[in-house]
Amino acid sequence: MEWQQVFRWQARLGIDAEDLSGQLGGYFGAPDGEGILVRNVNNDSPGAKAGLKAGDVITTFNGERIRTTGELREKLAGVEAGKTATLGVLRNKSNVTLTVELPAPAPKEKRKVSVRTNI
């Protein structure tokens, strides 16, 4: 029997988000119709403490343009625990700047997964 290690990461902002593009992005006023739509903000999360709200569109991270949730994850991974980051957000088609204090990534939880085969 073979064993694999699987790691689970916990989000650092405490939000549910999705990529915006096309007409929907234009509706929210996102530059080039692209950004990250905040769908939900978990209570007592770093995002909630910073003032993020459902319906906000994240467009920049520390002054750099971001267009996708993948780009946001990459940027978040590069910030040390306990440091702050600046988010550029569109709220009701107006620019808002929020400062969020980022906690350490959650400890990696190891799970063992078996891979079965018939021989």
Side-chain angles (χ1 to χ4, degrees):
M1 204 183 290
E2 238 179 89
W3 294 94
Q4 278 183 314
Q5 290 183 349
V6 178
F7 298 104
R8 196 185 84 183
W9 290 83
Q10 185 174 1
R12 294 178 75 185
L13 287 179
I15 64 171
D16 295 327
E18 69 180 70
D19 295 344
L20 273 183
S21 63
Q23 289 181 345
L24 190 57
Y27 172 80
F28 281 96
D32 300 324
E34 297 177 320
I36 301 164
L37 176 63
V38 177
R39 305 274 306 189
N40 184 54
V41 181
N42 299 327
N43 294 332
D44 296 323
S45 67
K49 292 174 185 173
L52 271 174
K53 297 179 180 183
D56 286 348
V57 178
I58 301 170
T59 57
T60 63
F61 184 87
N62 285 340
E64 293 182 39
R65 179 80 170 95
I66 54 172
R67 292 171 171 79
T68 66
T69 54
E71 289 176 356
L72 179 58
R73 284 182 194 276
E74 287 176 18
K75 300 289 185 191
L76 285 168
V79 178
E80 293 179 33
K83 299 290 183 180
T84 60
T86 304
L87 298 176
V89 172
L90 282 171
R91 181 176 292 159
N92 298 321
K93 297 188 181 181
S94 296
N95 290 312
V96 177
T97 302
L98 302 174
T99 302
V100 61
E101 185 174 332
L102 298 170
K108 295 175 184 174
E109 184 180 295
K110 292 182 183 180
R111 295 185 321 166
K112 293 185 179 180
V113 177
S114 66
V115 179
R116 290 182 165 195
T117 185
N118 289 325
I119 300 179

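The structure displayed is predicted, hence computed values, not measured ones. Throughout, residue positions are numbered sequentially from 1 according to the sequence presented. Side chains included, hydrogens not; waters and symmetry mates left out as well; all remaining heavy atoms used.
Closest heavy-atom contact between Pro46 and Glu101: CB-O, 3.5 Å. Residues Thr99 and Thr84 come closest through the heavy atom pair CG2-CB, 3.8 Å. In terms of heavy-atom proximity, Leu90 sits nearest to Pro31 at CD1-CD, 4.0 Å. Of all non-hydrogen atoms in Gly35 and Ala30, the two that sit nearest each other are N-CB, 4.4 Å. Shown here for Ser45 and Gly14, the closest heavy-atom pair between the two residues is OG-O, 3.5 Å.
A single hydrophobic cluster is not seen to contain both Phe28 and Leu72; linkage of ILVMFWY side chains at heavy-atom distances under 4.5 Å, directly or through other members, places them apart.
Rounding to the nearest 0.5 Å gives a distance of 7.5 Å between CD1 of Ile15 and CD1 of Ile36. The CG atom of Leu87 sits 6.0 Å away from atom CG of Leu13, with the distance rounded to the nearest 0.5 Å. How far NZ of Lys83 is from CG of Asn62: 12.0 Å, rounded to the nearest 0.5 Å. Rounding to the nearest 0.5 angstrom, the gap separating the CG atom in Asn92 from the CG atom in Asn95 is 12.0 Å.
Between Leu37 and Ile58, the closest side-chain pair of non-hydrogen atoms is not below 4.5 Å. At least one side-chain heavy atom of Asn42 sits less than 4.5 Å from a side-chain heavy atom of Asn40. Residues Val57 and Leu20 meet the side-chain proximity criterion, which asks for heavy atoms closer than 4.5 Å. Contact of the Val38 side chain with the Lys53 side chain is not registered, since no non-hydrogen atoms from C-beta on lie closer than 4.5 Å.
Remark: side-chain polar atoms of Arg67 are not paired, donor with acceptor, to backbone N or O of Asp32 under 3.5 angstrom. Looking at Arg91, its side chain never comes within 3.5 Å of a backbone N or O of Val96 through a donor-acceptor pair. Without hydrogens or angle criteria, Thr60 side chain to Gly88 main chain gives a donor-acceptor distance under 3.5 Å.
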>> Walk me through whether Lys75 and Glu64 qualify under salt bridge (Lys or Arg N to Asp or Glu O under 4.0 Å).
In response: CA-CA 9 Å; Lys75 300 289 185 191; Glu64 293 182 39; 2.6 Å; yes

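Applying side-chain contact (heavy atoms from CB on, under 4.5 Å) to Phe61 and the options Thr86, Val79, Val100 leaves one that passes, Val79.
Under the 4.0 Å criterion applied to side-chain N and carboxylate O atoms, Glu18 and Arg39 are assigned as salt-bridge partners.
Donor-acceptor pairing under 3.5 Å is lacking for the side chains of Asp19 and Thr68.
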